[in-house]
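Just below is one structure, and these are the notes that go with it.
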Amino acid sequence: MKLKQYVNKYRNLKSYFHRRVICDGYPEVFNIELTNACPMSCIMCPRRYMKRKMGFMELSTFKKIIDELKGYSNSVWLHHFGESLLHPKLKPMLAYAK
């Protein structure tokens with residue numbers, strides 16, 4: 001574990017034990033939505049109520065996010081409302097995140 005992660009863990013625990021409404025640390029798991037596009041129409045999925053247009057995250061935006069969270073966590077999830085495997089630049093994104 002890196003120093004930034006220890007400091008972040010300490011800030012999160014301190015905020016928790018002092019019952020702060022706003023946490024002092026960063027999240028310990030980052031969930032990045034690469035796309036909100038999906039070929040499926042699962043009955044339980046809330047995507048059908050989504051008002052924003054379908055699209056793919058730019059590689060430059062992804063790199064900026066990864067650069068900003070570097071050192072704070074080892075956990076990055078690349079999904080949310082869409083199917084990340086559809087992203088045309090998934091391979092370079094995974095390589096950059098690694």
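Both backbone and side-chain heavy atoms feed into the values below; hydrogens, waters and symmetry mates do not. Just so we're clear, the structure is a prediction, and the values are computed from it rather than from any experiment.
- For Tyr96, the side-chain hydrogen bond (donor to acceptor under 3.5 Å, both in side chains) partners are Asp67, not counting sequence neighbours.
- Across Pro27 and Ser73, no two heavy atoms sit closer than the pair O-CB, 4.4 Å.
- With sequence neighbours excluded, no residue satisfies salt bridge (Lys or Arg N to Asp or Glu O under 4.0 Å) with Arg47.
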Residues Met57, Ile65; criterion side chain to side chain contact (heavy atoms under 4.5 Å, CB included); working and verdict: CA-CA 11 Å; Met57 180 182 286; Ile65 293 168; 3.9 Å; yes
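- Residues that satisfy the side-chain hydrogen bond (donor to acceptor under 3.5 Å, both in side chains) test with Glu28, not counting sequence neighbours, are Lys9, Asn12.
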Trace of the side chain to side chain contact (heavy atoms under 4.5 Å, CB included) decision for Ile32 with Ile66: CA-CA 10 Å; Ile32 302 172; Ile66 294 297; 4.0 Å; yes
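- Between Leu86 and Pro39, some side-chain heavy-atom pair lies under the 4.5 Å cut-off.
- Legend: residues meeting salt bridge (Lys or Arg N to Asp or Glu O under 4.0 Å) with Arg52, ordered by chain and number and at least two apart, are Glu33.
- We find the CD-CE distance between Glu58 and Met93 to be 8.0 Å, quoted to the nearest 0.5 Å.
- In this structure, the separation between OG on Ser75 and CG on Asn31 is 11.0 Å, given to the nearest 0.5 Å.
- Clustering ILVMFWY residues whenever any of their side-chain heavy atoms sit less than 4.5 angstrom apart, transitively, puts Leu85 in the very cluster that holds Leu94.
- Here the straight-line distance linking atom CG of Leu34 with atom NE2 of His79 works out to 10.0 Å at 0.5 Å rounding.
- Ring geometry, Tyr26 versus Tyr72: the interplanar angle falls from 30° to 60°, so the pair is classed tilted.
- Interatomic distance, Asp24 CG to Lys14 NZ, rounded to the nearest 0.5 Å: 6.5 Å.
- Connection of Phe56 to Phe62 is not established within any shared hydrophobic cluster, with ILVMFWY side chains joined at heavy-atom distances below 4.5 Å, either directly or through further cluster members.
- Looking at heavy atoms from C-beta onward, Asn36 lies in side-chain contact with Met50 at the 4.5 angstrom threshold.
- Every residue two or more places apart in sequence or in another chain was checked for a side-chain hydrogen bond (donor to acceptor under 3.5 Å, both in side chains) with Arg11, and none qualifies.
- With sequence neighbours excluded, no residue forms a ring-ring contact (aromatic ring centres under 6.0 Å, His included) with Phe30.
- Listed here is the closest heavy atom pair of Gly82 and Cys38: CA-CB, 4.4 Å.
- The structure places OG of Ser84 at 13.0 Å from CH2 of Trp77, a figure rounded to the nearest 0.5 Å.
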Check against side chain to side chain contact (heavy atoms under 4.5 Å, CB included), His87 and Leu59: CA-CA 10 Å; His87 200 292; Leu59 182 59; over 6 Å; no
